[in-house]
Amino acid sequence: MDRIGQGFDVHRFAADRALVLGGVTIPSEKGLLGHSDADVLVHAIADALLGAAALGDIGHHFPDTDIRFKGISSLVLLEHVAGLLAGEHYAIVNVDATLVMERPKIAPHVAAMRGNIARALHVDAGQISVKATTNEGLGFIGSGEGAAAHAIAMISTLAP
């Protein structure tokens, strides 16, 4: 049986933080603020996968009150999500994600992001899609105050 899930995450920009998206550190004056590395893209993907399997969300599995997750790479968290899915006999069919931010441009980094995400999930990079769009100058994203990501994931039940 196939199941789908959707994920959404948002983080504000802050000085003195690295900008990490899809596990890639991207040159930028500001990074995203969060308890972990604040990788908004990976967080949305993790939530989409957890939602597809009805396993809660990343806040449940990796609470921001837990010191173990302070500054952690979100790819480590994503790999844990992949293990949870495997333990429930689910295989990842595909992930489709969209970053929403004004700058910097991420096109030069998309292949590396897809590779990082695929490795964390133990799937082929061809199963991972990463796109980006702007908010056309509107709202907190348009003014450069933050970034968001949307993700959809499909999983399939494996025979036990």
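Counting begins at 1 with the first residue of the sequence.
The two residues Val93 and Ser156 make their nearest non-hydrogen contact at CG2-CB, 3.7 Å. Taking every heavy atom of both residues into account, Ala46 and Ile58 meet most closely at CB-CG2, 3.4 Å. Taking both residues in full, the closest heavy atoms of Ala48 and Ala151 are given as CB-O, 3.6 Å, listed atom of the first, atom of the second, then distance. Closest approach of Asp57 and His60 over heavy atoms only: OD1-N, 2.8 Å. Minimum heavy-atom separation, Ala82 to His122: CB-CD2, 4.4 Å. Gly22 and Val42 get closest at one heavy-atom pair: CA-CG2, 3.9 Å.
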Q: Begin from the C-alpha positions of Val130 and Ile117 and carry the test side chain to side chain contact (heavy atoms under 4.5 Å, CB included) through to its verdict.
A: CA-CA 10 Å; Val130 173; Ile117 294 163; 4.1 Å; yes
**Q.** Chi angles and distances behind the side chain to side chain contact (heavy atoms under 4.5 Å, CB included) call for Val123, Ile128
**A.** CA-CA 8 Å; Val123 300; Ile128 308 298; 3.9 Å; yes
Q: Apply side chain to side chain contact (heavy atoms under 4.5 Å, CB included) to Phe69 and Leu77, showing your working.
A: CA-CA 9 Å; Phe69 307 123; Leu77 306 180; 3.9 Å; yes
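Contact annotation: the side chain of Thr133 approaches that of Thr98 to within less than 4.5 Å [non-hydrogen atoms, C-beta and beyond]. The shortest side-chain heavy-atom distance between Leu21 and Leu32 falls under the 4.5 Å cut-off. Looking at heavy atoms from C-beta onward, Phe62 lies out of side-chain contact with His35 at the 4.5 angstrom threshold. When side chains are defined from C-beta on, Phe140 counts as touching Val10, because their heavy atoms get closer than 4.5 Å. Ile106 places a side-chain heavy atom less than 4.5 Å from the side chain of Ile26. Between Leu33 and His11 the shortest side-chain heavy-atom distance does not fall below 4.5 Å.
Taken together through direct or relayed side-chain contacts under 4.5 Å among Ile, Leu, Val, Met, Phe, Trp and Tyr, Met154 and Leu84 form parts of separate hydrophobic clusters. Placement of Val95 and Ile155 within a single hydrophobic cluster is found when ILVMFWY residues are connected by side-chain heavy-atom separations under 4.5 Å, directly or transitively. By the criterion of side-chain heavy atoms lying less than 4.5 angstrom apart, applied directly or through intervening Ile, Leu, Val, Met, Phe, Trp or Tyr residues, Leu121 is grouped together with Leu41 in one hydrophobic cluster. Grouping the Ile, Leu, Val, Met, Phe, Trp and Tyr side chains by contacts below 4.5 angstrom, directly or via other members, places Val100 apart from Ile152.
Applying the 6.0 Å contact sphere to NZ of Lys131 captures more than 12 heavy atoms from other residues, nucleotides or ligands. In the displayed structure, Ile4 atom CD1 is contacted under 6.0 Å by at most 12 heavy atoms of other residues, nucleotides or ligands.
The NE2 atom of His109 sits 8.5 Å away from the CG atom of Leu19 when rounded to the nearest 0.5 Å. A distance of 11.0 Å separates CD of Glu102 from CD of Glu145, quoted to the nearest 0.5 Å. In this structure, CG on Leu99 lies 10.5 Å from CG on Asp9, to the nearest 0.5 angstrom. Rounding to the nearest 0.5 angstrom, the gap separating the CZ atom in Arg119 from the CZ atom in Arg114 is 11.5 Å. Distance CZ/Arg3 to CG/Leu49: 12.0 Å, rounded to 0.5 Å. One distance of note links CE of Met1 with OH of Tyr90; it measures 5.5 Å at 0.5 Å rounding.
Although no hydrogens or angles enter the test, the distance criterion places no donor-acceptor pair under 3.5 Å between the side chain of Asp39 and the main chain of Ser74. Formation of a donor-acceptor pair under 3.5 Å by the Asn94 side chain with backbone atoms of Gln127 is not found in this model. At distances below 3.5 Å, not a single donor-acceptor pair connects side-chain atoms of Asn135 with backbone N or O atoms of Ile141. Listed for the Glu79 side chain is no donor-acceptor partner under 3.5 Å among the backbone atoms of Val76.
Exactly one of Ile45, Leu55, Ile92, Leu50 qualifies for a side-chain contact (heavy atoms from CB on, under 4.5 Å) with Val81. That residue is Leu50.
For the residue pair Ser129 and Asp96, a side-chain donor N or O sits within less than 3.5 Å of a side-chain acceptor on the partner. If you check the side chains of His43 and Ser36, you find a donor sitting under 3.5 Å from an acceptor.
In this structure, His150 and Phe8 have tilted ring planes: the angle between them lies in the 30° to 60° band.
Salt bridge Asp64/Lys70: absent, no basic N to carboxylate O contact under 4.0 Å.
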